[in-house]
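The structure appears below as structure tokens.
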Number of protein chains: 2
Amino acid sequence: MINDLRNKLAEKGLKVTPQRLAIYGAIVKLNTHPNADKIIESIRKEHPNIATGTVYKVLDTLVENGLIKKVKTEKDVMRYDPMVESHHHLYCTSTDRIEDYIDKDLNNFLREYFQKKEIPNFNIEDIKLHIHGKFIDKN
Amino acid sequence: MINDLRNKLAEKGLKVTPQRLAIYGAIVKLNTHPNADKIIESIRKEHPNIATGTVYKVLDTLVENGLIKKVKTEKDVMRYDPMVESHHHLYCTSTDRIEDYIDKDLNNFLREYFQKKEIPNFNIEDIKLHIHGKFIDKN
DNA sequence: TCTTAAAGGAGAATAAATCTTATTTAAGAT
DNA sequence: ATCTTAAATAAGATTTATTCTCCTTTAAGA
């Protein structure tokens with residue numbers, strides 16, 4: 001997983017640095033679509049003097065190179081997702097919990113639906129569902 | 001339209017103030033899912049000394065009372081939508097343009113789809129599609 | 001090992017949004 | 001019509017997430 005990242009960075013001509021590995025590793029390990037703050041908090045345990053600016057810059061670099069994705073929220077903080085394959089999100093309406101929702105059948109349906117029913121003057125590149133509601137298990 | 005707002009504010013026990021009417025009016029008139037800045041810019045023509053804090057507070061009040069909605073973006077600025085009925089959005093991937101997408105057939109399909117195929121441990125309240133792509137008319 | 005462009009560290013700067021406090025006002029009561 | 005008062009606004013300081021600047025360090029190829 002971290003080795004995947006090594007390879008992908010190298011492929012793109014980007015340097016493989018401990019900071020980049022740590023940041024990516026933290027996002028994967030946390031597995032909560034963390035924001036920059038949570039990532040920094042997690043990384044500082046092992047890597048006490050990583051600069052916040054570095055974290056933001058690395059996050060941007062990873063997003064630009066398609067190695068992670070930004071997740072939109074109602075709040076004014078960005079969150080980050082290590083899964084780059086197209087998928088959807090479940091948003092809790094009472095906490096800030098966000099979970100992945102993967103549904104191939106739905107994706108197939110949507111592809112066909114919008115092949116038939118074109119949207120005037122608009123060229124679709126990607127569709128993401130934001131599914132809002134409440135998790136009903138142990139929070 | 002502004003009169004609707006008067007009534008809805010009154011119903012909720014909120015005062016009908018010129019600021020609230022102006023802010024709501026600006027969002028409707030601009031019709032671009034504007035951010036707070038654009039709203040302020042538009043309002044100051046008529047209402048030169050409205051405070052920015054007031055605008056943010058009014059926006060919050062309107063959102064809390066279901067009179068407008070927040071629109072999520074990739075950027076770290078909130079935008080606002082005067083249409084409160086459930087609908088979807090088209091997001092331009094090269095500009096910050098956002099348009100409404102209304103599709104009853106799709107909504108019906110989604111309702112049925114998720115009635116059959118429940119999401120484990122999750123209670124759906126609302127589903128919004130974020131449709132990313134490019135507008136192909138005159139920008 | 002050397003070279004160098006790319007990346008990181010530190011902390012200042014910016015921008016959106018929030019908060020504080022004093023003042024004003026909408027709207028019901030008198 | 002005026003009075004009263006809780007709610008709302010103005011002004012501007014503050015906070016918070018993010019970006020920027022500049023100098024130092026380092027990854028990776030020569």
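Quantities reported herein were computed from a predicted structural model and do not represent experimental measurements. In what follows, every chain begins at residue 1, and chains take the letters A, B, ... in the order their sequences are listed.
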Practice task
For residues B:Asp96 and B:Arg79, report the shortest heavy-atom separation together with the two atoms involved.
Solution key: O-NH1, 2.5 Å

Problem - Test ring-ring contact (aromatic ring centres under 6.0 Å, His included) applied to A:His47 - qualifying residues, sequence neighbours left out - result: none

Handout entry: Distance-only side-chain donor-acceptor flag, A:Thr54 / A:Gln19, under 3.5 Å
Key = no

So which protein N/O to nucleotides 27-30 of chain C N/O distances come out below 3.5 Å?
unit_1, atom_1, unit_2, atom_2, d
C:dA27, OP1, B:Val16, N, 2.8

Practice task
Could you check how far CG of A:Asp60 sits from P of C:dA6, rounded to whole Å?
Solution key: 18 Å

Problem - Nucleotide C:dA5, atom P - distance to CG of A:Leu9 in whole Å - result: 21 Å

Practice task
Would you mind reading off the distance between B:Ile40 atom CD1 and C:dA15 atom P, rounded to a whole angstrom?
Solution key: 14 Å

Practice task
Please identify each residue that fulfils ring-ring contact (aromatic ring centres under 6.0 Å, His included) with A:His132, with sequence neighbours left out.
Solution key: A:Tyr91

Problem - Side-chain H-bond candidate by donor/acceptor type, B:His88 with B:Asp100, under 3.5 Å - result: no

Practice task
Whole angstrom is fine here: how far is it from CG in B:Leu21 over to P in C:dA26?
Solution key: 10 Å

Practice task
Sort out the partner of C:dT1 for me: Watson-Crick or G-U wobble, both distances under 3.5 Å, none otherwise.
Solution key: D:dA30

Problem - Value in whole Å for how far the P atom of C:dT18 lies from CD of B:Glu64 - result: 10 Å

Exercise for the section: Find out whether B:Ile27 and B:Leu59 are in side-chain contact, i.e. whether some heavy atom of one side chain is under 4.5 Å from a heavy atom of the other. Expected result: yes

Handout entry: Distance in angstrom units between B:Ile23 CD1 and D:dT9 C1', rounded
Key = 10 Å

Practice task
Go through the side-chain N and O atoms of B:His89 and B:Asp81 and say whether any donor and acceptor fall under 3.5 Å apart.
Solution key: yes

Show each protein N/O and nucleotides 9-13 of chain C N/O combination with a separation under 3.5 Å, one pair to a line.
unit_1, atom_1, unit_2, atom_2, d
C:dG9, OP1, A:Gln19, NE2, 3.3
C:dG9, OP2, A:Ala51, N, 3.3
C:dG9, OP2, A:Thr54, OG1, 3.0
C:dA10, OP2, A:Asn49, O, 3.3

Practice task
Whole angstrom is fine here: how far is it from CG in B:Asn35 over to P in C:dA17?
Solution key: 7 Å

Problem - Sugar-phosphate only, base, or nothing, as touched by B:Pro18 at under 4.0 Å among non-hydrogen atoms - result: sugar-phosphate

Side-chain polar contacts of residues 60-75 of chain A - donor-acceptor pairs under 3.5 angstrom, sequence neighbours left out - could you list them?
unit_1, atom_1, unit_2, atom_2, d
A:Thr61, OG1, A:Lys57, O, 2.9
A:Asn65, ND2, A:Thr61, O, 2.7
A:Lys72, NZ, B:His130, ND1, 3.1
A:Thr73, OG1, A:Lys75, N, 3.2
A:Thr73, OG1, A:Lys75, O, 3.0
A:Thr73, OG1, A:Val77, O, 3.1

Handout entry: Contact under 4.0 Å: B:Tyr56 side-chain N or O vs C:dA17 OP1/OP2
Key = yes

Problem - Non-neighbouring partners of A:Phe109 that pass ring-ring contact (aromatic ring centres under 6.0 Å, His included), sequence neighbours left out - result: A:Tyr113, B:Phe109

Practice task
Check the distance between C:dA15's P and B:Arg79's CZ and give it to me in whole angstrom.
Solution key: 18 Å

